[in-house]
Asker: 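Encoded as structure tokens, here's the structure I'll be asking about.
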Amino acid sequence: MLDLSGPVLEEAPRLLGAVLRHGDVAVRITEVEAYDGANDPGSHSYRGRTKRNAVMFGPAGHLYCYFTYGMHVCCNVVCGPVGTPSAVLIRAGEVVDGLDLARSRRAGASDRDLARGPARLCRALDVQLSDNGTDLRSGPLTLTLGDRVDDVSTGPRVGLRGAPDRPWRFWITGERSVSAYRPAAPLKRDRRADLGS
DNA sequence: GTTGCGATGCGCT
DNA sequence: GCGCATCGCAACA
């Protein structure tokens, strides 16, 4: 029985090694980030409830999907008790079933890159904005927790501005399928300003 | 292996 | 209007 209603910082590492399945394609999760809505300037829910983030305020074990950068979908698993708008961003994983279908959705990518990155993972699994709010207990999307992963690394989250550094990114140590982005690069505009000053 | 940059559209102010 | 919880590709080392 999927129960993720504990504190998000305790639930996040439990998602490592879990399997997220959508139809014929399944991904073993290797990298996640925790977002603690109430106290977290990096969270979509930090400024209160909106139509978009309403799912985060609901029960744990549901999927929160959002659209970003004009072309990408990312997905989170809602954690914590009802009313606590916390979620865990699924950043990366390895495809463990439905390899051919995943490859066809990610033409040109190497197997290692199929689900390496939050938007890529959603594409490999064909998770769309319309899957927002899905209950992960009953499908068509399902989440199955695995055995606890012992070797977990932590570090700062990726790509956030306006949030203090908090080591709320978790990944399976040594996994090559974790995303390789540099943390929080400054804005292009800022870089230009630096050059000019 | 790294770095730079354009694409693109929804949600919020 | 503006700002993104980004990606993919080209160019370079």
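Here is the naming used below: chain letters follow the sequence lines, and residue numbers restart at 1 for every chain.
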Asker: Once you round it to whole Å, what is the distance between P of B:dT13 and OH of A:Y46?
Answerer: 13 Å

Asker: To the side chain of A:T50, which of B:dC10, B:dC12, C:dT6 is closest?
Answerer: B:dC12

Asker: Does B:dT8 pair with anything, Watson-Crick or G-U wobble, both distances under 3.5 Å, and if so, with which nucleotide?
Answerer: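 Paired with no nucleotide.
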
Asker: Where the side chain of A:M56 is defined as all heavy atoms beyond and including C-beta, which of C:dT6, B:dT8, C:dA5 is the nearest nucleotide?
Answerer: C:dA5

Asker: Which nucleotide, B:dC10, B:dT13, C:dC4, lies nearest any side-chain atom of A:F67?
Answerer: B:dC10

Asker: Specify the separation, in whole Å, of atom CG of A:L121 and atom C1' of C:dT6.
Answerer: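 In whole Å, C:dT6 C1' lies 13 Å from A:L121 CG.
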
Asker: Among C:dG8, B:dG9, C:dA5, which nucleotide sits nearest the side chain of A:R120?
Answerer: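 Looking only at side-chain atoms, A:R120 lies closest to C:dG8.
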
Asker: From B:dG9, C:dC7, C:dA5, pick the nucleotide closest to the side chain of A:P118?
Answerer: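 Nearest nucleotide to the side chain: C:dC7.
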
Asker: For A:S43 and A:S45, test the side chains for any donor-to-acceptor distance below 3.5 angstrom and give the result as yes or no.
Answerer: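 A:S43 vs A:S45: donor-acceptor pair found between side chains.
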
Asker: With a 4.0 Å cutoff (strictly under), does any side-chain N or O of A:H44 reach OP1 or OP2 of C:dA5?
Answerer: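 Affirmative; the distance criterion is met.
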
Asker: For A:I90 and C:dT6, what is the distance between atoms CD1 and C1' respectively, to the nearest whole Å?
Answerer: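 After rounding, the gap between these two atoms is 17 Å.
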
Asker: Check for me: is A:Y35 stacked on C:dA5 by the 5.5 Å centroid and 30° plane-angle rule?
Answerer: yes

Asker: Side chain of A:N76, heavy atoms from C-beta onward: which of C:dA5, C:dG8, C:dT6 has the nearest atom to it?
Answerer: C:dA5

Asker: Check this for me: does the side-chain of A:Y69 come within 3.5 Å of the base of B:dA7 through a donor and an acceptor?
Answerer: no

Asker: Taking side chain as C-beta onward, heavy atoms only, is A:P118 less than 4.5 Å from A:L89?
Answerer: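 They are in contact (side-chain heavy atoms under 4.5 Å apart), so the answer is yes.
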
Asker: Would you indicate, yes or no, if C:dG8 has its OP1 or OP2 atom less than 4.0 angstrom from a side-chain nitrogen or oxygen of A:R106?
Answerer: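 Looking at the OP1 and OP2 atoms of C:dG8, one of them is under 4.0 Å from a side-chain N or O of A:R106.
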
Asker: With rounding to the nearest 0.5 Å, note down the distance linking CZ in A:R169 to CZ in A:R157.
Answerer: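 One finds 11.0 Å between CZ of A:R169 and CZ of A:R157.
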
Asker: Give the rounded distance in Å between these two atoms: CG of A:L89 and P of C:dC7.
Answerer: 10 Å

Asker: Nearest to the side chain of A:R52 - B:dC12, C:dT6, B:dC10?
Answerer: B:dC12

Asker: Counting heavy atoms from C-beta on, name the nucleotide in C:dT6, B:dT8, B:dT13 closest to the side chain of A:V158.
Answerer: C:dT6

Asker: If each of A:N53 and A:H72 is mapped to the nucleotide of DNA chain B with the nearest heavy atom, which maps nearer the 5' terminus, i.e. the 5' end?
Answerer: A:H72

Asker: Whole angstrom is fine here: how far is it from CG in A:D113 over to P in C:dC9?
Answerer: 11 Å

Asker: How close or far is atom P of C:dC4 from atom CZ of A:R157, stated in whole angstroms?
Answerer: 14 Å

Asker: Got a second to check how far A:L20's CG is from A:L136's CG, nearest 0.5 Å?
Answerer: 6.5 Å

Asker: What's the CZ-P distance between A:R47 and B:dG11, to the nearest Å?
Answerer: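 Rounded to whole Å, this separation is 17 Å.
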
Asker: Salt bridge between A:R106 and A:D113, side-chain N to carboxylate O under 4.0 Å?
Answerer: no

Asker: Rounding to a whole Å, what distance do you find between A:R123:CZ and B:dT8:C1'?
Answerer: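 Nearest whole value for this atom pair: 14 Å.
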
Asker: Would you give the length of the straight line joining atom CG of A:L2 to atom CZ of A:R137, rounded to the nearest 0.5 angstrom?
Answerer: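 Nearest 0.5 Å value for the CG-CZ distance: 5.5 Å.
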
